[in-house]
Trainee: 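This structure is in structure tokens; I'll ask about it shortly.
Just so you know, these numbers come straight off a predicted model, no measurement behind them.
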Amino acid sequence: MTAPARLEVPSVDAWLAERRRENTLRVRRVPLDALREWRTDPETGDLRHRSGRFFTVEGIRVRDSSLEFDAWDQPLVVQPEYGVLGLLLKEVDGRLHGLFQAKVEPGNAGGTQLAPTVQATRSNYTRVHGGLPVPYLDRFLGTTRRRRGRILFDSLQSEQASWFLAKRNRNMAVLLAPGDDVPVLPGHHWVPLDDLGPLLRRDDLVGMDARSVLSGLVAARLPSGPERPHHDDRELLSWFTEAKAGDATVRRRIPLREVRDWVRTPESIHHCEHRHFAVIGVDVEATGREVERWSQPMLAPTGAGVVALLSRRVDGTRHYLVQARSEAGCLDAVEMAPTVQCQPGSYAGLPANRRPAFLGEVLSAPPERILLDTVQSEEGGRFYHARNRYLIVDVGEDFPLDVPDRFAWVTARQLTTLVCYANHLNVQVRTLLTLLGFAAADETAREAEQ
């Protein structure tokens with residue numbers, strides 16, 4: 001088999017720099033009422049595309065006594081259709097290569113990022129926008145015979161449930177059959193999966209959708225050998241089922257104009273205390289995309305977030321602390337989430353009992369306890385410059401195993417089993433799982449020194 005052109009890490013930088021020069025992006029803030037092809041519903045105040053497709057911005061009312069805030073209203077994005085996030089893989093001399101694309105999204109911090117082979121909503125690939133067809137889509141949709149490859153990962157996975165209502169995308173990884181040499185189109189390139197570690201440790205380089213798909217490939221990258229989980233799989237699933245069954249969250253969609261504590265101006269819809277995020281309007285011009293100009297509303301966070309896993313060894317096996325978390329847009333009550341997942345700025349000035357559990361342990365962790373620390377961008381098609389600091393913090397073996405009921409200690413191997421199923425791991429913990437599997441060289445070296 002002819003080996004595909006391999007991109008070393010410096011070459012990835014050069015390729016992305018070339019794509020940035022060729023694929024320009026201009027994003028301009030505009031008033032919400034100036035968004036072309038979008039309108040404000042006169043009765044509800046909801047933001048809708050004139051086609052009735054893509055997505056809407058609506059309101060939701062939430063009541064949940066288990067969270068820091070027991071009741072609130074907020075806007076959120078309603079996008080009921082499934083998209084496809086698909087990564088083509090090719091094995092050359094025993095090494096897996098992924099066919100990534102250099103994709104620019106209006107909300108990306110830093111511009112062009114690595115994306116999976118296919119990253120498209122149903123409205124995109126059915127060409128509601130009248131643009132070009134999505135390349136390589138036939139490798140992921142249709143019968144297994146038409147795909148002409150082996151499915152390594154195929155699961156409906158959620159996205160940010162704090163900002164999306166029941167949003168899911170089909171995450172897929174397909175290994176091409178030997179001799180099936182697909183053409184490499186402009187904007188795409190084969191990248192060895194072994195080289196992703198340094199790229200993932202870089203800020204704002206590997207996009208959220210690529211990280212989500214890669215989480216389904218982590219199992220093969222974990223060290224072999226026995227492990228001793230604190231909770232066996234049946235106990236863990238029972239804990240998760242109990243959290244779902246006991247969830248008392250009440251969610252009700254409401255007209256956007258009825259959302260309490262939010263203010264609409266010509267420029268944005270924002271929280272009255274300027275916490276959380278704002279809904280803004282943007283006008284976009286981009287080359288190298290199916291459509292080269294469009295307008296849309298976006299959610300713009302008021303500050304960077306912190307997403308962290310606390311970690312310790314239990315009987316010689318490294319464990320990670322996850323929580324069963326309820327969010328405004330959760331499709332199935334709760335999902336497993338990182339130990340901490342929040343925007344610290346939104347809790348400024350609030351008493352300790354109104355701040356997320358374990359946030360203090362994360363923010364005060366000394367450098368020698370931080371196993372992984374990187375800033376990653378979230379989905380750039382709906383969110384504007386949404387960035388989170390992702391951390392894994394070793395709390396040491398003196399940290400108690402006895403934790404609040406909604407938390408549980410799990411191993412990386414257990415997470416790789418759960419990621420195969422829908423609505424088990426949220427998108428933030430899937431990113432951390434990908435970082436564990438592909439960017440954990442620093443952790444391994446650190447532990448070897450301990």
Trainee: Would Asp232 and Arg234 pass as an ion pair if we require N to O under 4.0 Å?
Mentor: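 Judged by the 4.0 Å cut-off on N to carboxylate O distance, Asp232 and Arg234 do not form a salt bridge.
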Trainee: Any side-chain donor-acceptor pair under 3.5 Å between Thr44 and Arg253?
Mentor: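 Looking only at side-chain atoms, Arg253 and Thr44 do not form any donor-acceptor pair under 3.5 Å.
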Trainee: Taking atom CZ of Arg221 and atom CG of Leu193, what is their separation to the nearest 0.5 Å?
Mentor: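 Here the interatomic distance stands at 6.0 Å.
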Trainee: Is there side-chain contact between Leu359 and Cys342, with heavy atoms separated by less than 4.5 Å?
Mentor: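 The answer is yes, as the side chains (C-beta and beyond) meet within the 4.5 Å cut-off.
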Trainee: So, applying side-chain contact (heavy atoms from CB on, under 4.5 Å) with Arg61, which one of Arg252, Gln74, Arg251 is it?
Mentor: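 Output: one option passes, namely Arg252.
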Trainee: Is there a side-chain hydrogen bond (donor to acceptor under 3.5 Å, both in side chains) between Glu267 and Thr265? Walk through the geometry before answering.
Mentor: CA-CA 5 Å; Glu267 300 298 324; Thr265 70; over 6 Å; no
Trainee: Around atom CD of Glu242, are there more than 12 heavy atoms of other residues, nucleotides or ligands at under 6.0 Å?
Mentor: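 At most 12 heavy atoms, drawn from other residues, nucleotides or ligands, come within 6.0 Å of this atom.
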Trainee: Given side chains that start at C-beta, do those of Val284 and Met298 come closer than 4.5 Å, heavy atoms only?
Mentor: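 No. Closest side-chain heavy atoms not under 4.5 Å.
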Trainee: For the pair Glu327 and Val62, evaluate side-chain contact (heavy atoms from CB on, under 4.5 Å) and give the outcome as yes or no after the intermediate values.
Mentor: CA-CA 9 Å; Glu327 297 184 83; Val62 184; over 6 Å; no
Trainee: Would you say Arg387 and Asp204 make side-chain contact, with heavy atoms under 4.5 Å?
Mentor: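 When only atoms from C-beta onward are counted, Asp204 and Arg387 do touch, with a gap below 4.5 Å.
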Trainee: Looking at Thr56 and Glu58, would you say the former's side chain and the latter's main chain have a donor-acceptor pair under 3.5 Å?
Mentor: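 Side chain of Thr56 to backbone of Glu58, a donor-acceptor pair under 3.5 Å: no, none is there.
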Trainee: Using 0.5 Å steps for rounding, measure from the CZ atom of Arg19 to the CG atom of Leu16.
Mentor: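 These two atoms lie 9.5 Å from each other.
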Trainee: Can you tell me how far CG of Leu156 sits from CE of Met172, rounded to the nearest 0.5 angstrom?
Mentor: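 If we round to the nearest 0.5 Å, Met172:CE and Leu156:CG are 10.0 Å apart.
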Trainee: Could you walk me through whether Asn169 and Glu379 satisfy the side-chain contact (heavy atoms from CB on, under 4.5 Å) test, starting with their C-alpha distance in whole Å, then the side-chain angles of each, then the deciding distance to 0.1 Å, before giving a yes or no?
Mentor: CA-CA 12 Å; Asn169 275 323; Glu379 205 272 342; over 6 Å; no
Trainee: Given side chains that start at C-beta, do those of Asn423 and Arg168 come closer than 4.5 Å, heavy atoms only?
Mentor: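 A side-chain contact under 4.5 Å exists here.
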Trainee: Should Trp239 and His231 count as side-chain neighbours, where that means a heavy-atom distance under 4.5 Å?
Mentor: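 Not touching, per the 4.5 Å side-chain cut-off.
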Trainee: Can you name the nearest heavy-atom pair linking Tyr136 to Leu88, along with the distance?
Mentor: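 In terms of heavy atoms, the two residues are closest at CD2-CD1, 4.1 Å.
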Trainee: side-chain hydrogen bond (donor to acceptor under 3.5 Å, both in side chains), that's the test. Do Glu378 and Gln160 meet it? Break it down for me.
Mentor: CA-CA 9 Å; Glu378 302 306 326; Gln160 286 84 352; 3.1 Å; yes
Trainee: Are the side chains of Arg36 and Asp283 in contact, using a 4.5 Å heavy-atom criterion?
Mentor: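 In contact.
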Trainee: Given Asp180, which of Lys90, Arg139, Arg150 fulfils the salt bridge (charged side-chain N to carboxylate O under 4.0 Å, His left out) condition?
Mentor: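 Testing each of Lys90, Arg139, Arg150 against Asp180, the sole residue satisfying salt bridge (charged side-chain N to carboxylate O under 4.0 Å, His left out) is Arg139.
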Trainee: Specify whether His270 and His274 have parallel, tilted or perpendicular ring planes, treating 30° as the upper limit for parallel and 60° as the lower limit for perpendicular.
Mentor: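 Taking His274 first and then His270, their aromatic rings lie parallel (interplane angle under 30°).
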Trainee: Give me the one residue out of Val393, Val403, Ile392 that meets side-chain contact (heavy atoms from CB on, under 4.5 Å) with Leu310.
Mentor: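 Among Val393, Val403, Ile392, the one that satisfies the side-chain contact (heavy atoms from CB on, under 4.5 Å) with Leu310 is Val393.
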Trainee: Provide the closest heavy-atom pair for Glu105 versus Leu25 in the form atom of the first, atom of the second, distance.
Mentor: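 Taking Glu105 first and Leu25 second, the nearest heavy atoms are O-CD2, 3.5 Å.
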Trainee: Within the structure provided, determine whether Val118 and Gln101 are in side-chain contact (heavy-atom separation under 4.5 Å).
Mentor: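 Result no, sub-4.5 Å side-chain heavy-atom pair not found.
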Trainee: Over 60° means perpendicular and under 30° means parallel, so classify the ring planes of Trp38 and His49, tilted if in between.
Mentor: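 The rings of His49 and Trp38 stand perpendicular, inter-plane angle above 60°.
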Trainee: Test side-chain hydrogen bond (donor to acceptor under 3.5 Å, both in side chains) on Gln79 and Arg382 and set out the steps.
Mentor: CA-CA 10 Å; Gln79 187 173 331; Arg382 301 290 176 264; 3.0 Å; yes
Trainee: For Asn426, give me all partners under side-chain hydrogen bond (donor to acceptor under 3.5 Å, both in side chains), at least two apart in sequence or on another chain.
Mentor: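 In terms of side-chain hydrogen bond (donor to acceptor under 3.5 Å, both in side chains), with neighbours along the sequence ignored, Asn426 is linked to Gln341, Gln428.
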Trainee: Would you confirm whether Glu285, through its side chain, and Arg26, through its main-chain N or O, come within 3.5 Å as a donor-acceptor pair?
Mentor: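 No; zero donor-acceptor contacts below 3.5 Å.
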Trainee: Take Leu237 and Leu418 through the test side-chain contact (heavy atoms from CB on, under 4.5 Å) and record every step on the way to the result.
Mentor: CA-CA 9 Å; Leu237 287 173; Leu418 294 167; 3.8 Å; yes
Trainee: Assess whether side-chain contact (heavy atoms from CB on, under 4.5 Å) is satisfied between Glu37 and Trp294, documenting all intermediate values.
Mentor: CA-CA 8 Å; Glu37 302 300 321; Trp294 72 95; over 6 Å; no
Trainee: Side-chain contact test, heavy atoms from C-beta onward, threshold under 4.5 Å: evaluate it for Thr374 versus Leu200 and give yes or no.
Mentor: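 Counting from C-beta outward, Thr374 and Leu200 never come under 4.5 Å.
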Trainee: CG of Asp233 to CZ of Arg413: how many Å apart, nearest 0.5 Å?
Mentor: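 These two atoms lie 11.5 Å from each other.
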Trainee: When rounded to the nearest 0.5 angstrom, what is the spacing between OH in Tyr320 and CG in Leu436?
Mentor: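 So the OH of Tyr320 and the CG of Leu436 are separated by 4.5 Å.
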Trainee: Angle class for the Phe383/Trp163 ring planes (parallel below 30°, perpendicular above 60°, tilted otherwise)?
Mentor: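 Aromatic pair Phe383/Trp163 classed perpendicular.
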Trainee: Taking distance alone, no hydrogens or angles, what donor-acceptor pairs closer than 3.5 Å link side-chain atoms of residues 206-218 to residues at least two apart or in another chain?
Mentor:
unit_1	atom_1	unit_2	atom_2	d
Asp209	OD2	Gln119	NE2	3.0
Arg211	NE	Thr431	OG1	3.0
Arg211	NH1	Val206	O	2.8
Arg211	NH1	Gln376	OE1	3.3
Arg211	NH1	Ser377	O	3.1
Arg211	NH2	Ser377	O	3.0
Ser212	OG	Asn171	OD1	2.6
Ser212	OG	Arg430	NE	3.2
Ser212	OG	Arg430	NH2	3.0
Ser215	OG	Ser212	O	2.6

Trainee: Could you state the interatomic distance from CH2 (Trp15) to NE2 (His188), rounded to the nearest 0.5 Å?
Mentor: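 The distance works out to 8.0 Å.
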